[in-house]
Amino acid sequence: MKILVINGPNLNMLGIREPDIYGRTTYADLCRLIEQHADEIGVQVELYQSNHEGDLVDKIQEAYGNTDGIVINPGAYTHTSVAILDALKAVAIPAVEVHISDVDAREEFRQISYVRLACCATISGHGLDGYMEAMDLLRERNAS
Ligand code: DQA
């Protein structure tokens, strides 16, 4: 099984950006944790981060036919991007939306998620563990 983990804008700034909300673990550390978890649960993983909406759409399209699950934290594009929603719908690969913070307990504009409409689950507010939980969900779904 192959899982693609996509992170959107500003997630490359993990460890630096608003540490009271997102913690002090860096993006490089997150990548290591995800790769370690992939080994533990026996899945192949590819990591991708971009600050650009079109690049995220391209990456989702490229996954068509070669990827069994997508974990996606679209960052701020969660709340604005119909293009990312449409890309996820187009490829129809099972996808789980992840947010490090509890978006439903923050500003009102963060409570809207377009991407959610194309996801089989959302994990929000579990910190970095949310990525690992999303991988577990996709793996269980793929096995059944
Ligand atoms: C985020 C929440 C978004 O509202 C924000 O724009 C982010 C990160 C999260 O992981 O909690 O960039 O997706």
Side-chain angles (χ1 to χ4, degrees), residues 1-41 43-64 66-142:
M1 176 184 192
K2 183 179 168 196
I3 294 177
L4 171 64
V5 179
I6 298 179
N7 277 289
N10 298 307
L11 289 153
N12 56 317
M13 296 292 282
L14 279 180
I16 298 165
R17 75 181 289 210
E18 302 176 90
D20 46 320
I21 298 176
Y22 300 111
R24 297 210 174 264
T25 307
T26 65
Y27 178 68
D29 292 336
L30 171 63
C31 291
R32 274 191 285 275
L33 289 169
I34 289 171
E35 278 165 353
Q36 207 178 314
H37 191 65
D39 274 353
E40 280 163 15
I41 64 171
V43 302
Q44 219 189 310
V45 75
E46 181 184 349
L47 289 144
Y48 182 76
Q49 190 278 328
S50 174
N51 294 323
H52 307 282
E53 187 176 18
D55 289 347
L56 296 166
V57 169
D58 286 345
K59 193 66 193 176
I60 293 165
Q61 290 184 6
E62 281 164 21
Y64 181 71
N66 59 62
T67 299
D68 307 297
I70 295 176
V71 173
I72 184 161
N73 182 349
Y77 288 138
T78 305
H79 319 299
T80 62
S81 182
V82 177
I84 294 175
L85 165 66
D86 284 349
L88 289 169
K89 283 187 169 176
V91 297
I93 298 167
V96 177
E97 174 191 21
V98 170
H99 298 288
I100 298 166
S101 65
D102 181 4
V103 281
D104 290 327
R106 297 180 65 192
E107 301 96 323
E108 220 172 298
F109 65 84
R110 290 187 207 275
Q111 292 168 29
I112 295 159
S113 169
Y114 289 97
V115 171
R116 191 163 306 174
L117 300 172
C119 292
C120 56
T122 295
I123 298 170
S124 180
H126 294 190
L128 302 184
D129 288 348
Y131 291 88
M132 281 36 97
E133 291 167 24
M135 291 165 74
D136 291 344
L137 271 182
L138 288 170
R139 189 177 167 276
E140 278 160 31
R141 196 192 148 105
N142 191 256

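Here, residue 1 is the first one in the sequence, and each next residue gets the next number. Remember, it's 1-based here, ligands and their atoms both numbered in the order they're listed. Side chains included, hydrogens not; waters and symmetry mates left out as well; all remaining heavy atoms used.
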Criterion side chain to side chain donor-acceptor pair (under 3.5 Å) on Gln49 and Asn51, from CA distance to verdict: CA-CA 7 Å; Gln49 190 278 328; Asn51 294 323; 3.0 Å; yes
Tell me, which protein residue and heavy-atom name are nearest atom 3 (C) of ligand 1, and how many Å apart are they? His79 NE2, 3.5 Å
For atom 5 (C) of ligand 1, the protein heavy atom that lies nearest, with its residue and separation: Arg110 NH1, 3.3 Å
Can you tell me which portion of His99 lies within the under-4.0 Å heavy-atom range of ligand 1? Options are side chain, backbone, both, or neither. both
Examine the side chains of His99 and Asp104 and answer whether a donor and an acceptor come within less than 3.5 Å of each other. no
Any donor-acceptor N/O pair, Arg106 side chain to Ser101 backbone, under 3.5 Å: no
Location of contacts on Asn10 toward ligand 1, heavy atoms closer than 4.0 Å: neither
Any donor and acceptor pair, going by atom type alone, linking the side chain of Ser124 with main-chain N or O of Val103 inside 3.5 Å? yes
Under a 4.0 Å heavy-atom limit, does Asn73 contact ligand 1 with its side chain, its backbone, both, or neither? side chain
Are Thr78 and Glu97 close enough that a side-chain donor and a side-chain acceptor fall under 3.5 Å? no
Hey, is Val103 touching ligand 1 through its side chain, its backbone, both or neither, going by heavy atoms under 4.0 Å? side chain
Counting from 1 in the order shown, the ligand 1 atoms closer than 4.0 Å to a non-hydrogen atom of Tyr22 are 2 (C), 5 (C), 7 (C), 8 (C), 9 (C), 11 (O)
Enumerate the atoms of ligand 1 whose separation from the nearest heavy atom of Ile100 is less than 4.0 angstrom. 9 (C), 10 (O), 11 (O)
For ligand 1, is any non-hydrogen atom under 4.0 Å from Arg17's backbone (N, CA, C, O), its side chain (CB onward), both, or neither? side chain
Electrostatic pair Lys89:Asp86 at N-O distance under 4.0 angstrom: no
Flag, side chain of Asn73 to backbone of Asn7, donor-acceptor distance under 3.5 Å: no
Take the angle between the ring planes of Phe109 and His79 and call it parallel below 30°, perpendicular above 60°, tilted in between. perpendicular
Looking at ligand 1, does any of its N/O atoms fall within less than 3.5 Å of an N/O of Ala76? yes
My understanding is that we take every heavy atom of each candidate and find the minimum distance to atom 11 (O) of ligand 1. Doing that for Ser124, Gly75, Ser101, which one comes out nearest? Ser101
Give yes if a backbone or side-chain nitrogen or oxygen of Leu11 is under 3.5 Å from a nitrogen or oxygen of ligand 1, and no if not. no
